[in-house]
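Comments concern the structure below.
Only heavy atoms go into these numbers, but all of them, side chains included; no hydrogens, no water, no symmetry mates. Every chain is numbered from 1, with letters handed out A, B, ... down the list of sequences.
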Amino acid sequence: MRTSQYLLSTVKETPSDAEIISHKLMLRAGMVRRLGTGMFSYLPTGVRVLRKVEQIVRQEMNKAGAIEVLLPMVQPAELWQESGRWHTMDAELLRFKDRHQRDYVLGPTHEEVITDLVRREITSYKQLPLNLYQIQTKFRDERRPRFGVMRAREFMMKDAYSFHLGQDSLQQTYDAMYRAYCNIFNRLGLDYRPVQADSGAIGGSVSHEFHVLAESGEDAIAFSDSSDYAANIEMAEALAPEGSKAAADQALSEIATPAAGTVAEVAALLNIAPETVAKTLFVLADAGDDGKQQLIALVLRGDHQLNELKAEKLAGVASPLQFATDEQIRALCGAGPGSVGPVGLKVRIVADRSAAHLADFVAGANKDGFHLTGVNWARDIAEYEIADIRNIVTGDPSPCGFGKLIIKRGIEVGHIFQLGEKYSKALKAGVLNEEGKHQTMTMGCYGVGVSRIVAAAIEQNHDDNGIIWPDAIAPFQVALIPMNMHKSVRIAEVTEQLYQQLTAAGIEVLFDDRRERPGVMFADMELVGIPHTIVIGERNLDNQQVEYKNRRTGEKVLLDIADVITEIQQKITC
RNA sequence: CGGUGAUUGGCGCAGCUUGGUAGCGCACUUGGUUUGGGUCCAAGGGGUCGCAGGUUCAAAUCCUGCAUCACCGACCA
């Protein structure tokens with residue numbers, strides 16, 4: 001490709017609405033333009049990268065035995081009503097009507113459509129297992145789209161859905177997808193980690209997220225510093241503190257703490273560490289027989305944070321998790337949220353493992369402006385349960401039993417999930433089994449955020465001058481930069497010849513034939529992030545040489561013109 | 001959805017307090033100059049000042065409403 005015939009569309013200044021580096025660089029490098037909130041037009045350079053990512057995903061999916069399909073983006077409401085998500089998905093689902101006033105949705109995902117397709121096509125267990133995938137545009141009406149294509153409303157996704165007669169078969173495909181995903185991210189050249197994203201519900205570990213590690217990541221991931229353990233921070237188990245609990249030494253006593261509501265204020269006032277203060281939160285319980293929702297007290301160590309997902313999973317806790325209002329708390333405790341504690345409460349009390357390990361601790365007195373010191377479990381609070389309800393913090397022991405946890409940030413670019421029968425049951429998707437009996441299929445689903453990978457790759461690969469593409473997904477592999485081509489016939493001829501040879505060798509070349517000054521060309525090629533550059537100048541031509549420069553390492557070497565093709569082929573690592 | 005802020009040429013911004021019908025840099029066009037790291041000089045083209053209404057002799061500027069966009073928060077198979 002010649003720049004004079006290409007739409008490079010690079011810009012010097014950063015549009016003011018770009019926040020993170022990948023968004024800024026994608027705009028500056030002429031990859032995307034914003035059309036509306038969370039909607040982007042892809043310019044030629046952006047499309048090239050997107051297609052590269054797609055192609056790698058496609059190849060690895062095919063290799064893993066999945067079969068490509070293409071499903072409609074516009075889907076009839078009936079299917080969503082059948083699965084129940086017409087009502088449960090709510091605002092994220094973009095709905096609209098056609099000229100006949102029939103309801104439709106813009107597909108945010110395709111479980112319904114694929115399950116409908118398979119229930120029509122598949123009738124016998126002999127046709128299973130089956131793993132179908134597509135690479136297609138999705139639309140989710142996110143409440144807050146941000147970070148450019150990273151969290152856009154319209155985005156490109158690979159989604160695969162597998163169908164099985166039973167759990168064993170599902171597990172096999174799940175494992176195959178896990179390996180395929182590792183292959184994909186290895187080939188993309190990204191620093192990523194598979195992360196446990198769920199456990200429990202069906203038993204074992206049934207969901208993994210694949211995260212590209214980056215400071216700007218929206219998700220926090222807990223890693224063991226001495227094993228392969230990695231889990232979404234929401235899922236990481238917080239173990240009970242080691243050793244036995246200290247004995248109760250102090251007597252229970254009340255102390256005035258005027259104007260001290262938060263743990264930090266109480267700790268400062270009493271000149272004690274926050275971890276010796278217990279904080280008490282109230283959530284609503286499931287409705288009882290009378291239809292009323294009691295409160296449940298959750299007690300945490302002052303320096304810890306409630307993990308809402310863990311709390312929501314506690315038996316008896318209303319789902320979705322709802323916090324009690326100040327009025328409800330006052331009605332129960334006789335005090336405001338800043339002065340409440342577990343002593344004397346007439347409701348169910350759940351203490352976090354670490355909070356339950358405290359002795360002689362401080363807690364609200366259930367009397368405005370007062371706290372209790374010397375509080376002890378059992379002695380002062382007869383009935384309580386112990387559970388893991390907090391977020392892990394750096395330094396916690398790893399649940400795998402090896403090492404301590406460290407927390408890093410990641411961008412979720414893949415998610416594999418064992419769905420079970422959720423959709424196949426709702427849509428009555430079954431086959432006849434060996435006994436000739438109808439059996440509901442078991443499903444798995446496997447997503448890769450294709451457009452998000454593009455942004456994540458930039459987050460991980462850039463410098464002050466712009467993007468540094470891994471070879472596998474670079475829009476062009478080689479940039480040809482001639483010096484003064486328009487004044488030197490010799491330069492023009494050599495460059496033209498190199499362009500022909502490289503292109504003939506199957507290498508993607510961007511030949512900068514614009515009538516621009518060298519600085520402009522260097523800056524643009526670096527901004528766009530082309531990994532390998534060849535500079536053709538008079539000086540080196542005298543020795544039948546050109547200069548090679550590596551975008552990532554900055555390495556510069558002189559190459560004999562005759563060797564350029566073979567040298568470049570060796571340097572391209574994909 | 002709540003909070004905050006923004007909206008002036010393709011992009012980045014000034015002008016608004018104190019009303020008098022718009023300016024700078026980049027980009028673009030033309031001519032010259034320069035040519036291994038975003039040259040320099042000159043001359044040009046391009047704007048219903050987000051939309052609607054109001055106040056006023058006069059509104060980018062003051063008032064009201066709306067829209068769009070962004071940030072923080074909540075939310076996110």
Side-chain angles (χ1 to χ4, degrees), chain A residues 8-20 23-24 27-28 30 33-39 80 83-85 88-93 107-112 114-115 138 140-148 150-153 155 157 159 161 197-198 201 206-207 209 218-219 232 234 308-309 312 320-323 412 414-420 422-423 426 443-447 449 452 464-466 479 481-488 491 512 514-528 533-541 546-547 549 554 556 558:
Chain A
L8 203 53
S9 278
T10 54
V11 288
K12 269 192 231 178
E13 282 174 298
T14 310
S16 58
D17 59 1
E19 188 68 12
I20 58 169
H23 189 194
K24 290 178 184 171
L27 290 166
R28 289 227 291 133
R33 293 290 182 256
R34 190 185 64 79
L35 181 63
T37 302
M39 293 141 65
W80 288 77
S83 74
R85 287 159 109 188
T88 56
M89 247 191 143
D90 207 39
E92 208 181 41
L93 194 57
T109 175
H110 283 71
E111 280 86 1
E112 281 80 1
I114 195 79
T115 307
K138 300 273 187 273
R140 295 181 192 177
D141 198 356
E142 296 273 355
R143 285 189 181 175
R144 180 132 118 80
R146 55 186 140 170
F147 302 148
M150 190 79 86
R151 180 174 286 277
R153 293 195 296 173
F155 58 99
M157 182 170 172
D159 49 327
Y161 308 88
D198 203 347
V206 296
S207 179
E209 291 169 353
E218 289 189 87
D219 296 304
N232 192 302
E234 294 183 324
E308 298 189 16
L309 208 69
E312 189 178 309
L321 193 71
Q322 265 184 288
F323 287 99
E412 184 189 344
H415 196 169
I416 58 177
F417 201 86
Q418 297 191 8
L419 280 177
K422 182 172 176 186
Y423 297 96
M443 292 174 61
C445 78
Y446 320 92
R452 184 179 277 184
D464 290 345
N465 295 325
I481 305 184
M483 300 291 105
N484 290 318
M485 182 180 83
H486 298 279
K487 286 254 176 84
S488 163
I491 299 277
D512 201 343
R514 293 175 296 175
R515 200 178 276 274
E516 288 286 358
R517 294 172 57 81
V520 174
M521 296 194 273
F522 286 127
D524 271 347
M525 294 303 113
E526 282 168 9
L527 174 60
V528 172
T533 301
I534 294 170
V535 183
I536 301 93
E538 292 281 1
R539 286 184 217 149
N540 297 319
L541 228 46
V546 292
E547 181 186 286
K549 184 175 180 187
K556 283 184 186 176
L558 292 177

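Taking the side chain of A:Asp17 as heavy atoms from C-beta on, and the options B:A77, B:A70, B:C26, the nearest nucleotide is B:A70. Of the candidate nucleotides B:C75, B:G36, B:G38, B:C75 has the atom nearest to the side chain of A:Arg146. Of all nucleotides listed (B:U35, B:C71, B:A77), B:U35 comes nearest to the side chain of A:Arg517. Which of B:C76, B:G37, B:G36 sits closest to the side chain of A:Glu92 comes down to B:C76. The side chain of A:Lys487 has B:U35 as its nearest neighbour among B:A77, B:U35, B:A74. Here B:G36 is the nucleotide among B:C72, B:G36, B:A77 with the atom lying nearest to any side-chain atom of A:Met483. Side-chain atoms of A:Glu13 lie closest to B:C26 of the nucleotides B:C26, B:G37, B:A70. Closest to the A:Lys12 side chain, of the nucleotides B:C69, B:G36, B:A27, is B:A27.
Atom CE in A:Met521 sits roughly 11 Å away from atom P in B:U39 (whole-Å rounding). Rounded to whole Å, atom C1' of B:C71 lies 13 Å from atom NE2 of A:His23. In this entry the distance linking CD1 of A:Ile534 with P of B:G36 reads 20 Å, nearest Å. Atoms CD1 (A:Ile416) and P (B:A77) sit 17 Å apart, rounded to a whole Å. To the nearest angstrom, P of B:C76 lies 13 Å from CD of A:Glu209. For the pair A:Phe147 CZ and B:C71 P, the computed distance is 7 Å after rounding to whole Å. The CZ atom of A:Arg34 sits 12 Å away from the P atom of B:U68 (whole-angstrom rounding). Straight-line distance from the CZ atom of A:Phe522 to the P atom of B:U39: 13 Å, rounded to whole Å.
The residue A:Glu308 sits close only to the backbone: its heavy atoms come under 4.0 Å of sugar-phosphate atoms, none of a base. Using a 4.0 Å heavy-atom criterion, one finds that A:Lys549 contacts the bases of the nucleic acid, with or without backbone contacts as well. Heavy atoms of A:Val520 sit under 4.0 angstrom from at least one base atom. Within 4.0 Å of A:Arg151, counting heavy atoms only, lies at least one base atom of the nucleic acid. Here A:Met157 lies in heavy-atom contact (under 4.0 Å) with a base. Nucleic acid contact class of A:Asn540 (heavy atoms, under 4.0 Å, all strands): base.
Judged by closest nucleotide on RNA chain B, A:Glu547 is the one of A:Arg153 and A:Glu547 placed further toward the 5' end. Nearer the 5' end of RNA chain B, as judged by each residue's closest nucleotide, is the contact made by A:Thr10, out of A:Glu111 and A:Thr10.
Phosphate contact (OP1/OP2 of B:C72, side-chain N/O of A:Arg144, threshold under 4.0 Å): present. In this structure, A:Ser16 reaches the B:G12 phosphate: one of its side-chain N or O atoms is under 4.0 Å from OP1 or OP2. For the OP1/OP2 pair of B:U68 and a distance below 4.0 Å, the side-chain nitrogens and oxygens of A:Thr37 include no atom meeting the criterion.
If you take atom P in B:A59 and the same atom in B:A52, they sit 14 Å apart, rounded to whole Å. Nucleotides B:A22 and B:G47, compared at atom P, are 12 Å apart to the nearest Å. Nucleotides B:U8 and B:C51 are separated by 10 Å at their P atoms, to the nearest Å. For B:C71 and B:C13, the P atoms lie 14 Å apart once the distance is rounded to whole Å. Atom name C1', nucleotides B:A60 and B:G19: the rounded distance is 10 Å, in whole Å. Between B:G65 and B:G23, the two C1' atoms lie 30 Å apart (nearest whole Å). Distance check on atom P: B:U56 versus B:C24 gives 34 Å, rounded to whole Å. Rounded to the nearest Å, the gap between the C1' atom of B:U35 and that of B:C16 is 45 Å.
Here A:Glu218 pairs with A:Arg151 in a salt bridge; the nearest charged N to carboxylate O distance falls below 4.0 Å. Salt-bridge check for A:Glu111 with A:Arg85: passed, with a basic side-chain N closer than 4.0 Å to an acidic carboxylate O.
Using a distance-only test at 3.5 Å, with no hydrogens or angles considered, a donor-acceptor pair links the side chain of A:Arg452 to the main chain of A:Met150.
Residues A:Leu27 and A:Ala18 come closest through the heavy atom pair CD1-CB, 3.9 Å. For A:Ser83 against A:Ala426, the heavy-atom pair with the smallest separation is CA-CB, 4.0 Å. Of all heavy-atom pairs spanning A:Met483 and A:Val535, the tightest one is CE-CG1, 3.7 Å.
Base pairing of B:U7 is made with B:A67, judged by Watson-Crick or G-U wobble geometry with both donor-acceptor distances under 3.5 Å. The partner of B:U17 cannot be assigned: no Watson-Crick or G-U wobble pair with both contacts below 3.5 Å exists in any strand. B:C24 is paired with B:G12 under the criterion used here, namely a Watson-Crick or G-U wobble arrangement in which both key atom distances are under 3.5 Å. Searching all strands for a Watson-Crick or G-U wobble partner of B:A60 with both distances below 3.5 Å returns nothing. When both distances must be under 3.5 Å, the Watson-Crick or G-U wobble mate of B:G73 is B:C1.
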**OP:** Test A:Glu538 against A:Ser488 for side chain to side chain donor-acceptor pair (under 3.5 Å), laying out the working first.
**Re:** CA-CA 8 Å; A:Glu538 292 281 1; A:Ser488 163; 2.7 Å; yes

Original post:
Hey, mind stepping through A:Glu516 and A:Asp524 against side-chain contact (heavy atoms from CB on, under 4.5 Å) and telling me if it holds?
Top reply: CA-CA 11 Å; A:Glu516 288 286 358; A:Asp524 271 347; over 6 Å; no

